[in-house]
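Heads up: the structure comes next, in structure tokens.
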Amino acid sequence: MHCRAATIRPDNFIVGATGDWEVVIGLEVHAQVNSCTKLFSGAATAFGGQPNNQVSLIDAGMPGVLPIINEKCIEQAIRTGLGLNARINTYSVFERKNYFYPDLPQGYQISQNRYPIVGEGFVEIYVEGEVHKIGIERLHLEQDAGKSMHDTRNEYSYVDLNRSGIALMEIVSKPELHSAKQAQAYVLKLRNILRYLGTCNGDMERGNLRTDVNVSVRRPGEALGTRCEIKNLNSVRFIGKAIEAESHRQVELLEDGCKILQETRLFDPNSGYTRPMRSKEEAHDYRYFPDPDLLPLELNEAFIEGLAANLPELPDSKFKRFKKEYGLTSYDARVLVAEKRNADYFESVVGGCEGKLAANWVINDVFGRLNREGLDISSSPVSSDQLCSLLKLITEGTISGKIAKEIFETLWSEGGNPADIVSARGLAQVTDTTQIEAIVDEVIKANPMQVQKVDDNPKLLSWFVGQVMKATGGKANPRSVNKIVRKRLALN
Ligand code: ADP
Ligand code: MG
């Protein structure tokens, strides 16, 4: 397949050969619920176990056993709903979604269809300087299926049921996203909220956050176009690529006078294109009906209120608080709250110093360095305690910012305690003015030409300051040096 070049304007419209097109995207995110046991059985959910070692009779679809609802999973779904500003439904129903597949031993998946546990809500995303409010349609609970594995010689297929029966939350957005970037920001924000809540660990590589992307295009202002659904994207990068490829494919077809077939497609990372998986005609008839083994789920308000009262601080509130409490810019606050672990690191650093100083060091020196070295905050060689002590030394005037950078290098590569490093290496700032005055005088004496020129060229002042700093190995207080140089050169 080829692809004609089409541009995307800053307002996200695709510029086609026959005019503009608006991209419309709705996402279905499957998030694995954090809980030790499965949705309807007591089998463990831990990742990485020996195949088929975490399987109860229920998960294996044996007859004559009854599912029992795991209260923890219900709590997690409600807490997630609350975190998504959503209505919690006090009445919801588990239904059977019937289909045949080797990794589904029951022959049906227990899911929620007409009566989900969580109704409408919203998430705010920030993309290219703008905040967008994206509607959530619903959140429902369902069982995950097992996993098929095909051997490399294609001789046998194996089924691992460890995943079978683990609780998933399917979070369905309204079709209110209009670019790949917005969809990516939405998934990242959603994952961030789930991580703050502790309801899903959001690890896409392990498949515990999987996204189906629905894409259509239309002329601005017209009714929604026919959509295609791209299944099972497990990285933010692929979500973006799949949307771009699919929206351009649809624009080309429509501009050529063809119709879009409603179908399920797959994204092929190797070619960068989407290809058909099944059309609407081939779609399953799931024959949903209420599971006779499970009563409707009725919640009382006090239970919901109890969970609401104990929600942790979520990213948007933390963002506002960081700005207010620590005087941070929106940019810094946004970077810091984008991952809970990062925000926690910052908060344990900022105790001993001014907010802006801590934010600069955490974002530029720690995050920047971790990024370059492909590490994440949990494996940072410099702990928040070490950085906190280092920044205290700057704040107290014991060391200059420049010396602090050197000590940071040492902490990064060798570890240690900042105060000990300062005393062991004699790095404390020279604050004794007579000592500085003596060095200034030496520098002036050694550079008579420069002294003559400084009257006409005041820029030379900083050259003198630089020479003095160099002579002190960067240990003098730059402000005192500046003052003394001015005095000695009789500048004002
Ligand atoms: P299903 O996939 O079960 O048919 P829905 O019809 O509720 O479920 O839609 C699923 C997802 O598709 C939702 O996220 C919704 O926002 C999105 N969606 C629905 N219509 C369109 C459309 N025309 N273009 C893009 N996305 C759409
Ligand atoms: Mg769907």
Side-chain angles (χ1 to χ4, degrees), residues 12-14 21-31 80-81 84 86 89 93 95-99 108-123 125 132-142 145 168-187 189-191 209-233 239-240 242-251 253-254 259-267 274 276-289:
N12 292 320
F13 289 156
I14 295 182
W21 298 92
E22 186 186 26
V23 183
V24 178
I25 304 153
L27 302 187
E28 295 161 89
V29 172
H30 295 89
T80 305
L84 300 176
N89 293 325
V93 177
E95 301 198 30
R96 289 187 182 177
K97 179 178 179 178
N98 299 279
Y99 65 94
Y108 57 85
Q109 175 193 36
I110 305 178
S111 180
Q112 296 186 309
N113 185 35
R114 280 166 296 176
Y115 301 98
I117 185 163
V118 176
E120 291 185 323
F122 67 88
V123 167
I125 59 170
H132 304 264
K133 194 166 163 178
I134 308 302
I136 302 283
E137 182 73 46
R138 57 188 274 157
L139 175 158
H140 68 253
L141 276 168
E142 63 188 27
L168 297 178
M169 299 180 280
E170 177 167 337
I171 303 164
V172 183
S173 85
K174 301 201 170 173
E176 295 180 349
L177 295 153
H178 298 289
S179 71
K181 279 203 180 113
Q182 288 180 13
Q184 291 174 313
Y186 169 85
V187 170
K189 184 64 181 279
L190 194 60
R191 179 174 76 167
L209 197 86
R210 315 192 283 271
T211 305
D212 299 343
V213 176
N214 294 271
V215 181
S216 66
V217 298
R218 66 174 169 191
R219 295 292 189 190
E222 288 190 355
L224 287 179
T226 303
R227 72 186 151 113
C228 288
E229 178 174 359
I230 308 152
K231 277 273 180 217
N232 253 325
L233 294 159
I239 290 172
I243 290 169
E244 269 165 18
E246 179 58 19
S247 53
H248 283 93
R249 184 187 73 89
Q250 293 184 12
V251 165
L253 281 171
L254 292 170
K259 281 212 165 75
I260 306 297
L261 282 181
Q262 185 174 337
E263 62 188 359
T264 305
R265 300 178 67 86
L266 286 176
F267 175 68
T274 66
M277 184 173 138
R278 57 174 183 257
S279 72
K280 197 184 176 189
E281 288 73 45
E282 298 164 68
H284 303 284
D285 172 6
Y286 292 119
R287 296 173 292 121
Y288 277 105
F289 63 87

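Residue numbers start at 1 and run along the sequence shown. For ligands, and for the atoms within them, numbers begin at 1 and follow the listed sequence. Only heavy atoms go into these numbers, but all of them, side chains included; no hydrogens, no water, no symmetry mates.
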Expected output: side-chain Arg265 to main-chain Thr274 donor-acceptor under 3.5 Å: yes
Exam field: side chain His178 to backbone Val23, donor-acceptor pair closer than 3.5 Å: yes
With a 4.0 Å cut-off, would you call Lys97 and Glu95 a salt bridge? no
One residue to check: [X]. Relative to ligand 1, which of side chain, backbone, both or neither has a non-hydrogen atom less than 4.0 Å away?
{"X": "Thr226", "result": "neither"}
{"X": "Leu224", "result": "side chain"}
{"X": "Lys174", "result": "backbone"}

Given the ring of Trp21, does Arg218 sit roughly above its face, with NZ or CZ under 6.0 Å from the centre of the six-membered ring and within 45° of the axis? no
Per-atom contacts of ligand 1 with [X], taking only distances under 4.0 Å to non-hydrogen atoms:
{"X": "Gly26", "result": "14 (O), 16 (O), 17 (C), 26 (N)"}
{"X": "Gly225", "result": "23 (N)"}
{"X": "Pro175", "result": "16 (O), 26 (N), 27 (C)"}
{"X": "Val172", "result": "13 (C), 14 (O)"}
{"X": "Leu27", "result": "14 (O)"}

Heavy atoms only: which of Asn214, Ile136, Val215 is nearest to atom 12 (O) of ligand 1? Asn214
Which option, Arg227, Arg218, Glu170, Glu137, owns the non-hydrogen atom nearest atom 4 (O) of ligand 1? Arg227
How long is the gap from CE on Met277 to SG on Cys228, to the nearest 0.5 Å? 12.5 Å
side-chain hydrogen bond (donor to acceptor under 3.5 Å, both in side chains), that's the test. Do Asn98 and Arg287 meet it? Break it down for me. CA-CA 6 Å; Asn98 299 279; Arg287 296 173 292 121; 4.8 Å; no
Per the side-chain contact (heavy atoms from CB on, under 4.5 Å) rule, which among Ile134, Ile136, Leu190, Val187 passes with Leu27? Val187
